[in-house]
Peer 1: 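Following this message is one structure expressed as structure tokens.
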Amino acid sequence: MRILKWIVGIIAFLAIAFVGVGLILPREVNFARSIDVEAPADQVFALVNSMQATESWSPWLDRDPNVQLTYTGPDAGVGNKMQWASDHPQVGNGTQEIMVSEPDKRVATALDFGDMGLAEAQFLLDETDGKTTVTWTLKTDMGAGPMGRWMGLMMDGWVGGDYEKGLENLKA
């Protein structure tokens with residue numbers, strides 16, 4: 001009986017520690033990846049300022065050749081929106097809409113992953129001597145619960161590699 005109380009006590013301590021630490025972890029997750037592209041900013045801008053153009057370099061779309069894509073709004077710029085639907089767990093369902101479009105400088109998008117939550121992504125372009133540094137950022141709120149905050153610690157590792165692959169595709 002004494003051993004059982006000891007085991008229950010350890011489990012209770014670990015559960016309380018997990019929740020307590022989870023509650024003090026950051027709620028907001030931010031990360032970024034950058035790459036240098038041997039092209040002027042206006043050429044790169046055309047590839048990030050249109051959801052249709054992202055088909056040529058997205059790191060996720062080629063994971064499911066049957067992904068269904070729907071576009072609404074203008075062909076580029078603010079209001080250009082893509083909706084995707086896939087049974088593939090690494091693609092899923094969602095929407096992405098361009099919210100800010102500053103020619104040759106910045107494109108900001110709103111992402112809606114349904115039950116998986118909302119996020120904001122940006123493409124920041126910095127041209128020097130005909131070469132453009134592209135920085136792709138992500139910002140999301142992992143929620144008030146400790147489990148989401150623990151998952152937030154892993155977001156960079158989960159998505160960072162995809163961002164790197166996408167930027168390599170964009171560069172190519």
Side-chain angles (χ1 to χ4, degrees), residues 22 25-35 37 39 41-125 132-172:
L25 289 173
R27 180 178 175 141
E28 189 174 278
V29 172
N30 292 289
F31 65 88
R33 295 293 191 275
S34 295
I35 196 166
V37 178
D42 63 333
Q43 289 179 7
V44 178
F45 182 76
L47 294 172
V48 298
N49 191 47
S50 167
M51 293 292 103
Q52 290 89 327
T54 64
E55 281 187 60
S56 67
W57 59 267
S58 170
W60 296 286
L61 296 180
D62 50 340
R63 289 187 180 157
D64 180 2
N66 299 316
V67 65
Q68 296 179 336
L69 301 173
T70 306
Y71 299 100
T72 57
D75 289 339
V78 175
N80 180 229
K81 185 175 184 178
M82 174 177 65
Q83 181 175 354
W84 69 92
S86 170
D87 293 329
H88 192 290
Q90 291 181 328
V91 179
N93 304 312
T95 62
Q96 184 172 18
E97 181 176 359
I98 296 177
M99 307 304 288
V100 176
S101 176
E102 297 175 16
D104 306 338
K105 294 288 181 203
R106 177 172 80 111
V107 173
T109 67
L111 292 140
D112 185 344
F113 299 105
D115 293 341
M116 299 293 290
L118 305 172
E120 298 172 23
Q122 288 194 79
F123 295 94
L124 306 171
L125 309 178
T132 304
T133 300
V134 182
T135 302
W136 189 3
T137 70
L138 181 79
K139 178 172 119 179
T140 188
D141 183 338
M142 298 305 292
M147 186 57 126
R149 292 179 184 205
W150 279 106
M151 291 179 67
L153 291 178
M154 297 176 271
M155 284 290 292
D156 191 312
W158 287 337
V159 183
D162 292 331
Y163 266 41
E164 291 166 8
K165 180 181 178 195
L167 287 171
E168 286 292 336
N169 292 346
L170 178 67
K171 182 177 182 172

Peer 1: Using a cut-off of 6.0 Å, state whether more than 12 heavy atoms not belonging to Asp75 lie near its atom CG.
Peer 2: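 No, the 6.0 Å shell around CG holds no more than 12 heavy atoms from other groups.
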Peer 1: Is the number of heavy atoms from other residues, nucleotides or ligands within 6.0 Å of CG (Asp87) greater than 12?
Peer 2: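 Open.
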Peer 1: Looking at Glu102, I'd like to know if its CD atom is crowded, meaning that more than 12 non-hydrogen atoms belonging to other residues, nucleotides or ligands lie closer than 6.0 Å.
Peer 2: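 Yes, enclosed.
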Peer 1: Is there a side-chain contact between Gln43 and Val37 (heavy atoms, below 4.5 Å)?
Peer 2: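 A side-chain contact is absent here, since even the closest heavy-atom pair is not under 4.5 Å.
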Peer 1: Work out which heavy atom in Leu170 is nearest to a heavy atom in Trp57; give both atom names and the distance.
Peer 2: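 Smallest heavy-atom distance, with atoms named: N-CB, 3.7 Å.
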Peer 1: For Asp64 and Asn66, which heavy atoms make the closest approach, and how far apart are they?
Peer 2: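 Looking at all heavy atoms of both residues, the shortest contact is OD1-N, 2.8 Å.
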Peer 1: With sequence neighbours left out, write down each residue that passes salt bridge (Lys or Arg N to Asp or Glu O under 4.0 Å) with Glu164, or none if nothing qualifies.
Peer 2: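 Checked Glu164 against salt bridge (Lys or Arg N to Asp or Glu O under 4.0 Å); matches are Arg33.
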Peer 1: Does Ser50 have any side-chain contact (heavy atoms from CB on, under 4.5 Å) partners at least two apart in sequence or in another chain, and if so, which?
Peer 2: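 Per chain and number, Ser50 pairs via side-chain contact (heavy atoms from CB on, under 4.5 Å) with Gln52, Ala53, Ala76, Asn80.
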Peer 1: Is there a donor-acceptor pair under 3.5 Å between the side chain of Asp112 and the backbone N or O of Gln96?
Peer 2: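 Not a single qualifying donor-acceptor pair exists.
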Peer 1: Can you name the nearest heavy-atom pair linking Ser58 to Asn169, along with the distance?
Peer 2: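 Closest pair (atom of Ser58, atom of Asn169, distance): O-ND2, 4.1 Å.
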Peer 1: When you look at CE of Met151, are more than 12 heavy atoms from neighbouring residues, nucleotides or ligands closer to it than 6.0 Å?
Peer 2: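 Open.
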Peer 1: Closest approach of Met155 and Val29, non-hydrogen atoms and distance?
Peer 2: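 Looks like CB-CG1, 3.8 Å.
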Peer 1: Would a 4.5 Å heavy-atom cut-off, applied to side chains only, mark Trp60 and His88 as touching?
Peer 2: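 Sidechains of His88 and Trp60: no contact.
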Peer 1: Anything under 30° is parallel, anything over 60° is perpendicular, the rest tilted; go ahead and classify Tyr163 against Trp136.
Peer 2: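 Plane angle under 30°, so parallel.
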Peer 1: Donor-acceptor pair, Thr132 side chain versus Ala39 backbone, under 3.5 Å?
Peer 2: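 The answer is yes, because a donor-acceptor pair under 3.5 Å joins these two groups.
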